[in-house]
Every structure is written in structure tokens, then in C-alpha cells.
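Let me begin by presenting the structure, written as C-alpha cells, before commenting on it.
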2 protein chains.
Amino acid sequence: MKSDWSSSELRRRGIDAVLNEHGVNVTRQRRIIADTLFARNQHVTADQLFEAVNSTGARVSKATVYNTLGLFVRKGFVREIFIDASRTFYDSNNSRHHHFYNVDTGDLIDMKARLVPHFIDQDLPEGTAMDAVDLVIRVRNKVS
Amino acid sequence: MKSDWSSSELRRRGIDAVLNEHGVNVTRQRRIIADTLFARNQHVTADQLFEAVNSTGARVSKATVYNTLGLFVRKGFVREIFIDASRTFYDSNNSRHHHFYNVDTGDLIDMKARLVPHFIDQDLPEGTAMDAVDLVIRVRNKVS
DNA sequence: GAATATATTAGAATTAGTCTAAATATAGAT
DNA sequence: ATCTATATTTAGACTAATTCTAATATATTC
């Protein structure tokens, strides 16, 4: 079900077309959430997205933000990044890449793809298939 | 401050000695938490550990379990694994390895070290030093 | 456009984890 | 051993992220 596409492709082709193509009904709320989320590559929390969406004058409930993010994750439009128990980010760039997380500043930074390891199916536990590769390198500020 | 040692070393040398050596005062609660946690290599949640500790008749508060886990993480005795917003595991095996997480079953499985990528400092963001490499491969049950 | 299915909503509920301030225990000096 | 300072533990209140509920609204199908 998950497709490999980029947020720039989505911006180019239009949100309605892409959602339709993936069997997702287009609603006012989903459109504004997608518009906000995919405006650029970014890492946002559910709450930040809720604020961003509603700061434009639109009215979308928090439950819908959560529902829609869940839907977009299932469809592979966004990636969920679990930093710690109270920090879940949604990444509007769904291309293959990973992250550096600065524990001092809270910054979440994209990692160049060439640094991403690759795994072969044979190495996975018996009877399973790969779902996602989540790699977070935690860094701290160097004391100079 | 973080040291590289194994839980088996701790079992061999005794908890009191190792805690002392790292400047950690030994208390009744810390001893029983360490005994329970390092009895074997395992992945436990704070709550599971709280239950395990208290099921032996000992009385240790939940706050102390959290405090002690935090202390042990800072000292490098245990590793924190963030699976999702409501699943934080503590890994009593602090040797260099990573994890497979089966999203269908909830199983968290150790990954062989040879699969772990290695990174060079030069590739880290400017002015930062490596703190931890957290790699979780999410897998799902194959539909046969 | 009526019937059916899907989506949205406010607010309650849940849950993991943190905080507070009082009580207790430990360590260091005498 | 006793005193004093410091560190630790505790119950329970609190917070924040997320999920649930069940009523309402919107979309899709016939």
C-alpha cells in the first residue's frame, strides 16, 4: 500500500489528484492539512501542525489532525519519527533518508542518504518483511 | 561518563561494586532494581520493571523506578529504546547492537552487531559529537 | 435525492511520565 | 557512635500526548 513518492511530486501534481489516486477521499480538512504539511519538507509535531492549520483561519479539530496524520502515515505520505516518549515528529519528506537529533538543542536534521545502511531481507527475523528503517543518530554539542 | 560494559560483567562483578565504581550510592531500592533488571539481557518497560520488582515482595515506588532508570541511562548501564509515543523500553544489554521491532506482534528483537552501520565523526552536524546510534528496523509478519 | 458509508468534532478518558514537598536514609565529620 | 548535611525515596498531584466516544456533518452510491 505504501508508495514511494516525494512531497515535491505531490506539490507538482496537486493534492487532490494524489489523494484520489490512493483511494483517499478529499475533504476540506484533509486538503488544508496536506497543503500545510507538504508546503515544504519539514518535521512537525501533531500539535505544531494543528496550530499551523488553524492559524490560517481554517477550523480543523485536533482529533482530525491526529486522524489525518495516521491516515497519511498508513498511506506512506509522511514518516513518523519517534524521538522520545513526548516527541513524535511527522516528516513531510518521505524519501529514503534518516535523522540526526541534537539532544542539546532539540534540532532534528536530515541525514544524507549515502549514510543510510542497507539491509537484505535474509537478515530479517524469520517470517517477517521490512516495514521501515528508522535510524536516529543522537548528537550533543561539542564542548570546545 | 558513559562506560562500555556488559550486563554479564555486572553480574560477574556484583552490582554494589559496579555502582560504587561509577559514583552511584547503593541503596536497597537501587540494588533490587539492578538485580531484577540485570538478571538477564531483556527489554522491559518502566511499568514492567515496577511490577517485577514489587512482585518479589519488595516495596519500591514507581517514582523510584523512573528515577533509577534515568540514572542508569545517564551512567550508560541501560539503553532507552523509543518505539513509539507509548512504548519506551529499557535494554539491560548495553553492548553495541540494534533492534528489530515486529509491529504485528510487538516483539523487540536484538539485531546482530555486524548489521550495524558505522559513522564517522566528520559526517555529524558541525560542532556536535555522537551520543548514540538508535536503529530500529520495523518489520511485519509476512502474509504467506 | 434518499440511503448508506465515511469523516469530523468536542470533550472525556487514558496513559506514560514528571513534579512536589515531606519523610527517610546515607555518608562524612567529629 | 552521634550529629549534620546531603542524597534518596515516596505518595499522590500534575501534565501532556494521544485515543476514544458517540453525536453530527459531509460525501458517495444507488
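Lettering of chains follows the sequences in order, A, B, ..., and the numbering in each one begins at 1.
With C:dT8, C:dA16, C:dA10 as the choices, the nucleotide that has an atom nearest any side-chain atom of A:Ala63 turns out to be C:dA10. Taking the side chain of A:Thr68 as heavy atoms from C-beta on, and the options D:dA17, C:dT8, D:dT18, the nearest nucleotide is C:dT8. Nearest to the side chain of B:Val60, among C:dT9, D:dT18, D:dT10, sits D:dT10.
In this structure, A:Glu80 atom CD and D:dA17 atom P are separated by 15 Å, rounded to whole Å. Between B:Asn54 atom CG and D:dA11 atom C1' the separation is 13 Å, expressed in whole Å. Atom CG of B:Asn20 and atom C1' of C:dG28 are 15 Å apart (whole Å). We find that CZ of B:Phe89 is positioned 13 Å from C1' of C:dA16, with the value rounded to whole Å. Distance, B:Leu71 CG to C:dT18 P: 14 Å, rounded to whole Å. Separating the OH atom of B:Tyr90 from the P atom of C:dA16 is a distance of 12 Å, rounded to the nearest angstrom. Rounded to an integer number of Å, the gap from B:Asp16 CG to C:dT26 C1' is 14 Å. Look at CZ on A:Arg87: it is 11 Å from P on C:dT18, rounded to the nearest Å.
Nearest-nucleotide positions on DNA chain D for A:Lys62 and B:Asn67 put B:Asn67 closer to the 5' end. Place B:Ser61 and B:Asn25 on DNA chain D by their nearest nucleotides, and B:Asn25 ends up nearer the 5' end.
B:Asn93 contributes atom CG, which lies 12.5 Å from atom CZ of B:Arg40 (distance to the nearest 0.5 angstrom).
Side-chain nitrogen and oxygen atoms of B:Thr88 include at least one within less than 4.0 Å of the OP1 or OP2 phosphate oxygen of C:dG17. Between A:Arg59 and D:dA25 there is no side-chain N or O to OP1 or OP2 distance below 4.0 Å. Using a 4.0 Å cut-off, some side-chain N or O of B:Tyr66 falls inside it from OP1 or OP2 of C:dG17.
Contact check of residues 26-35 of chain B against DNA chain D (heavy atom, cut-off under 4.0 Å) returns B:Thr27, B:Arg28, B:Gln29, B:Arg30.
Of the possible polar contacts, none joining the A:Thr128 side chain to the A:Leu124 backbone as a donor-acceptor pair under 3.5 Å is found. For B:Arg31 (side chain) and B:Asp16 (main-chain N/O), no donor-acceptor pair under 3.5 Å exists by modelled atom type. Looking at B:Asn54, its side chain does come within 3.5 Å of a backbone N or O of B:Val60 through a donor-acceptor pair.
A side chain to side chain donor-acceptor pair (under 3.5 Å) with B:Asp91 holds for exactly one of B:Arg79, B:His99, B:Gln42; it is B:His99. Each of B:Asn102, B:Thr105, B:Asp104 was evaluated against B:Val139; a single residue qualifies, B:Asn102, per the side-chain contact (heavy atoms from CB on, under 4.5 Å) test.
If you check every strand for non-hydrogen atoms under 4.0 Å, B:Thr64 touches a base.
Transitive grouping of hydrophobic side chains (ILVMFWY, heavy atoms separated by less than 4.5 Å) keeps B:Ile81 and B:Ile33 in distinct clusters.
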